[in-house]
Amino acid sequence: MTTLINRTIDQIGTIVLGKHQQIKLALACLLCEGHLLIEDLPGMGKTTLSHAIAQSLGLSYNRIQFTSDLLPSDLIGINLFDRNKSEFTFHKGPLFAQLVLADEINRSTPKAQSALLEAMEERQISVEGTTYPLPRPFFVIATQNPTEQSGTFLLPESQMDRFFMRIHLGYPTPEAERELLLGHDRTALLQALTPSMTSEELMSLQLLVPQVKCTDALIDYVQRIISYTRQDAEFKDGLSPRGGIALLRAAKAWALIEGREHVLPDDIQVVLPSVIEHRLGGSSKSDHYPLSTKVLREVEVV
């Protein structure tokens, strides 16, 4: 199974250059059956990363461009009257895909953003009293521009908490940027990708994550982190139980990616910024995680 994961990481890395860590975090999020938020400037490769993941895993893929006039029905679908059958027929919206890219999610109004909540949490949508299950696996990658840019709406705390992780890509290294300038068009390379694993293999990997072992000492470490965020005055609100569960689950997925059947404190530390920073209202700037840095500095491993 580790071979499948490494092959996928390497393949995506041929498209999204110099972002090995971010690719691993995105796959860890997927293995945890969570959803991913990517915040960065336009043109950093957010859409390319999502498309590369879908292509490499053989997942059905839909991209939704969020705009200020987007309606919930534009996402989930709508009942239309069929004159031939004299009845209403449900026409599925773009949420009915295994990987959904919600592009520039914070350019839409809160009403449109809220249409994602049930889909992300329950893996289903409800229309006029009827519930429709979404495909499995189901993975939402949402991108957002920095909130200081014009025409954006802040995501409410309830929506932020639905995202299992938040990552950023940042500017490429000089070496990667030179290869981008001299290399082939990324779109053409994307079309040439072949799946490195099947959906069934992916879901089998997702089932392995809860089986990764944790010692009592490591659980104590996680609990001290959670407690610290709730007690320190610098944090407006501490980690919720869902945030604590996400932290431990992400560490298990990271251990699995690393080929281990047990979690180390290092696994907690490497995933912690992506899991807790957006839940605590921290910065999304590249390589700048003030709240996570403080937690790691103040909470001892032993």
Side-chain angles (χ1 to χ4, degrees), residues 1-2 5-6 8-9 12-13 16 19-40 49 53 120 139-142 160-170 202 205-215 217-230 235 238-301:
M1 287 297 186
T2 304
I5 297 173
N6 289 333
T8 303
I9 292 171
I12 297 172
V16 184
K19 301 299 176 183
H20 186 76
Q21 183 86 346
Q22 289 90 334
I23 293 169
K24 287 176 67 176
L25 286 169
L27 288 180
C29 184
L30 176 55
L31 290 178
C32 292
E33 300 183 65
H35 303 291
L36 181 66
L37 179 63
I38 309 177
E39 180 170 334
D40 224 320
L49 174 61
I53 292 173
M120 292 170 65
F139 186 37
V140 173
I141 298 180
M160 292 291 285
D161 197 48
R162 292 307 198 282
F163 286 104
F164 191 86
M165 285 185 179
R166 180 182 69 183
I167 65 172
H168 57 81
L169 297 178
L202 171 59
L205 284 170
Q206 290 175 331
L207 293 175
L208 291 178
V209 172
Q211 300 177 27
V212 177
K213 298 178 178 62
C214 292
T215 64
L218 190 130
I219 299 296
D220 291 341
Y221 179 44
V222 172
Q223 284 196 291
R224 287 198 300 274
I225 290 174
I226 296 171
S227 178
Y228 180 77
T229 66
R230 295 172 182 173
F235 304 104
L239 275 181
S240 66
R242 175 162 47 197
I245 293 170
L247 178 58
L248 184 60
R249 193 174 180 87
K252 289 183 175 183
W254 190 268
L256 182 65
I257 291 173
E258 293 293 314
R260 283 183 276 103
E261 297 180 354
H262 60 279
V263 178
L264 299 176
D266 289 350
D267 301 322
I268 295 288
Q269 292 165 4
V270 74
V271 302
L272 185 134
S274 299
V275 173
I276 77 166
E277 195 78 28
H278 64 290
R279 290 182 164 92
L280 300 178
S283 171
S284 63
K285 300 297 185 182
S286 176
D287 299 324
H288 184 56
Y289 298 109
L291 302 182
S292 300
T293 300
K294 181 176 181 181
V295 170
L296 293 175
R297 183 177 65 246
E298 298 294 334
V299 182
E300 296 182 355
V301 176

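For clarity, every value in this text was computed on a predicted model and none was experimentally measured.
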Q | Sub-4.5 Å side-chain heavy-atom contact between L208 and L256 | A | yes
Q.
So, taking the atom named CG in L169 and the one named CD in Q21, what distance separates them when rounded to the nearest 0.5 Å?
A. 12.0 Å
(Q) What's the separation between atom SG in C29 and atom CD1 in I141, rounded to the nearest 0.5 Å? (A) 8.0 Å
Q. Are any of the side-chain heavy atoms of D266 and V270 separated by less than 4.5 Å?
A. no
Q: Step by step, work out the side-chain contact (heavy atoms from CB on, under 4.5 Å) result for R166 and I38.
A: CA-CA 6 Å; R166 180 182 69 183; I38 309 177; over 6 Å; no
Q | Shortest non-hydrogen separation from R279 to A246 and the atoms involved | A | NH2-CB, 4.0 Å
Q) Say you draw a straight line from CZ of R249 to CG of L247; how long is it, rounded to the nearest 0.5 Å? A) 13.0 Å
Q) Among all residues two or more places apart in sequence or in another chain, which pass the salt bridge (charged side-chain N to carboxylate O under 4.0 Å, His left out) test with K19? A) none
Q: Taking side chain to side chain contact (heavy atoms under 4.5 Å, CB included) as the test, write out the residues that go with V299, two or more places apart.
A: Y221, R224, I225, Y228, V295
Q. Are the side chains of I9 and H20 in touch, meaning some heavy atoms are under 4.5 Å apart?
A. yes
Q | Partners meeting side chain to side chain donor-acceptor pair (under 3.5 Å) with S274 (sequence neighbours left out) | A | none
Q | Exercise: identify the closest heavy-atom pair between C214 and I219 | A | CB-CD1, 4.0 Å
Q: Report the residues that fulfil side chain to side chain contact (heavy atoms under 4.5 Å, CB included) with E261, sequence neighbours left out, ordered by chain and then residue number.
A: none
Q) Which residues satisfy the salt bridge (charged side-chain N to carboxylate O under 4.0 Å, His left out) test with R242, sequence neighbours excluded? A) E121, D161
Q: Please examine the side chains of S292 and Q269, heavy atoms only from C-beta on, and report whether any two atoms are closer than 4.5 Å.
A: no
Q: Taking side chain to side chain contact (heavy atoms under 4.5 Å, CB included) as the test, write out the residues that go with A250, two or more places apart.
A: F164, M165, V271, V275
Q: Go through the steps for R162 and H35 under the test side-chain contact (heavy atoms from CB on, under 4.5 Å), then give the verdict.
A: CA-CA 7 Å; R162 292 307 198 282; H35 303 291; 5.9 Å; no
**Q.** Counterpart residues, side chain to side chain donor-acceptor pair (under 3.5 Å), relative to Q223 (two or more places apart)
**A.** none
Q: Taking side chain to side chain contact (heavy atoms under 4.5 Å, CB included) as the test, write out the residues that go with A26, two or more places apart.
A: L36, I53
Q: Answer yes or no: is there a side-chain heavy-atom contact under 4.5 Å between L248 and L218?
A: yes
Q) Would you say Q22 and V16 make side-chain contact, with heavy atoms under 4.5 Å? A) no
Q.
If I take atom CG from residue L272 and atom CG from residue L239, how far apart are they, to the nearest 0.5 angstrom?
A. 8.0 Å
**Q.** Those residues that, when tested against S227, pass side chain to side chain donor-acceptor pair (under 3.5 Å) (two or more places apart)
**A.** Q231
Q) Where do A255 and H262 come nearest, in terms of heavy atoms and distance? A) CB-O, 3.4 Å
**Q.** Partner set under side chain to side chain donor-acceptor pair (under 3.5 Å) for E33, not counting sequence neighbours
**A.** R136
Q) About how many Å separate CG of L296 and NZ of K294, when rounded to the nearest 0.5 Å? A) 12.5 Å
Q) Quick one: are W254 and I268 in side-chain contact, heavy atoms under 4.5 Å? A) no
**Q.** Polar side-chain atom of D40 near backbone of H168 as donor-acceptor pair, under 3.5 Å
**A.** no
Q: Decide, yes or no, whether a salt bridge links R260 with D267 under the criterion of side-chain N to carboxylate O below 4.0 Å.
A: yes
Q) Okay, side chain of H278, backbone of F163: is any donor-acceptor separation there less than 3.5 Å? A) yes
Q.
Tell me every residue that passes salt bridge (charged side-chain N to carboxylate O under 4.0 Å, His left out) with E258, counting only those two or more places apart in sequence or in another chain.
A. K24
(Q) Please find the pair of heavy atoms, one from C32 and one from V209, that lie closest to each other, and give the distance. (A) SG-CG1, 4.4 Å
Q) Side chains of L31 and I5: does their closest heavy-atom pair fall under 4.5 Å? A) yes
Q: Without swapping roles, check the side chain of Q206 against the backbone of L30 for a donor-acceptor pair under 3.5 Å.
A: yes
